[in-house]
Amino acid sequence: MTILLFLLSLAFAQDADADGFDASVDCDDSNENVYPGAVEECDDIDNNCNDLIDEGLLKTYWPDLDGDGFGDPLSPIRACEEQEGYVNNNQDCDDSIAEIHPFAEEICDEIDNNCNFSIDEGCGEETEEDTGTSEDTGTSEDTGTSEDTGMSEDTDTGDSNTTQDSGDGEDSSTEDSGIEYTSGPLKKEGGCAAAPLCILLLFGRRR
C-alpha cells in the first residue's frame, strides 16, 4: 500500500516553475533558476538545492575607515565582491589613523607606526650614532694635552742647553791664551799677567 501511494505521488507531482524538477526534489518550485544541479549564484539563495548558500563565491573583506588601503582585522564581512569602504586584507593595526599601516616609516612617538608589534624600534641606535657622543668628540686623544704641547721635553732638554754651552768660557780662557805661568809675578793666579808695570819690574830685577 505504501509503495502504491509513493508511485501515485510521483505520477501526479507538479512542476510549477517548469524547470524540469517537480516539488519533490525542487527546493523552490516557484523559481525556475533554483533546482538540483543549478549553477550557484551570489544572490543569498540556495540555487542548487544542496542546503548551502553562495558556497564557493563568498570572500572575506575588512573595513578601511582611514582610507590607507589596509583593513581593520576586528570587523570582517563575507561578500561575493569587494564592497565600498572595504579591502581584501586585515593588516591595519589602527584603522583610525591613515599614517599607521604596515608600510609606514617608524618614528619615535611611542606608537607602532608600521604595525609590526614593536614600538619605536631602532630609534635608540639611530640617536646614538647621529650624535657621536663617544667617538666623534675626541675629548681624550684629539686635544693632545700631554704629547702635542711638548712643554717638558722640547723646552728644557733640547733647546736651552744652558749647562753645556756655558762651560765654553773656561775652555777658552785656559787653552786659547797659549801661556801658562807657574811662578813669579806673571803667574796666572794672583799675578799681573802681561801688564806693563809688571814687565818693567821684571827687567829691573834682572839688571
Checklist entry - Heavy atoms, side chains only, cut-off 4.5 Å: are D29 and D19 in contact? => result yes
Item to check | Sub-4.5 Å side-chain heavy-atom contact between N90 and D72 | outcome: no
Item to check | Minimum side-chain heavy-atom gap D92-D68 below 4.5 Å | outcome: yes
Item to check | Separation between OG of S75 and CH2 of W62, rounded to the nearest 0.5 Å | outcome: 11.5 Å
Checklist entry - Side-chain contact, heavy-atom cut-off 4.5 Å: Q14 with D22? => result no
Next on the checklist: Rounded to the nearest 0.5 Å, what separates atom CD1 in I100 from atom CD1 in I97?
Outcome noted: 4.0 Å
Checklist entry - Between P76 and P73, what is the shortest heavy-atom contact and its length? => result CD-O, 4.0 Å
Next on the checklist: How long is the straight-line distance from CD1 of I53 back to CZ of R78, given to the nearest 0.5 Å?
Outcome noted: 13.0 Å
Item to check | Heavy-atom closest contact (N113 atom, E105 atom, distance) | outcome: CB-O, 3.7 Å
Item to check | Donor-acceptor side-chain pairing of N114 and E121 below 3.5 angstrom | outcome: yes
Checklist entry - Would you call the rings of F70 and H101 parallel, tilted or perpendicular, where under 30° means parallel and over 60° means perpendicular? => result parallel
Checklist entry - Do the non-hydrogen side-chain atoms of V25 and C49 ever get within less than 4.5 Å of each other? => result no
Checklist entry - Is any side-chain heavy atom of I77 less than 4.5 Å from a side-chain heavy atom of T60? => result no
Checklist entry - Going from CG on D66 to CG on D95, what distance comes out if it is rounded to the nearest 0.5 angstrom? => result 4.5 Å
Item to check | Shortest non-hydrogen contact between C93 and D112, atoms and distance | outcome: SG-O, 3.8 Å
Item to check | Atom pair CG/CD of L58 and E55 - distance to nearest 0.5 Å | outcome: 9.0 Å
Item to check | 4.5 Å side-chain heavy-atom contact, D51 and D46 | outcome: yes
Item to check | Heavy-atom closest pair, residues N48 and E40 | outcome: OD1-OE1, 3.1 Å
Checklist entry - Does the ring center of Y86 lie less than 6.0 Å from the ring center of Y61? => result no
Checklist entry - If you round to the nearest 0.5 Å, how far is CG of L57 from CD of E81? => result 10.0 Å
Next on the checklist: If you define the side chain from C-beta out and look only at heavy atoms, does anything of D17 sit under 4.5 Å from D26?
Outcome noted: yes
Next on the checklist: Are there over 12 heavy-atom neighbours, none belonging to E106, within less than 6.0 Å of that residue's CD?
Outcome noted: yes
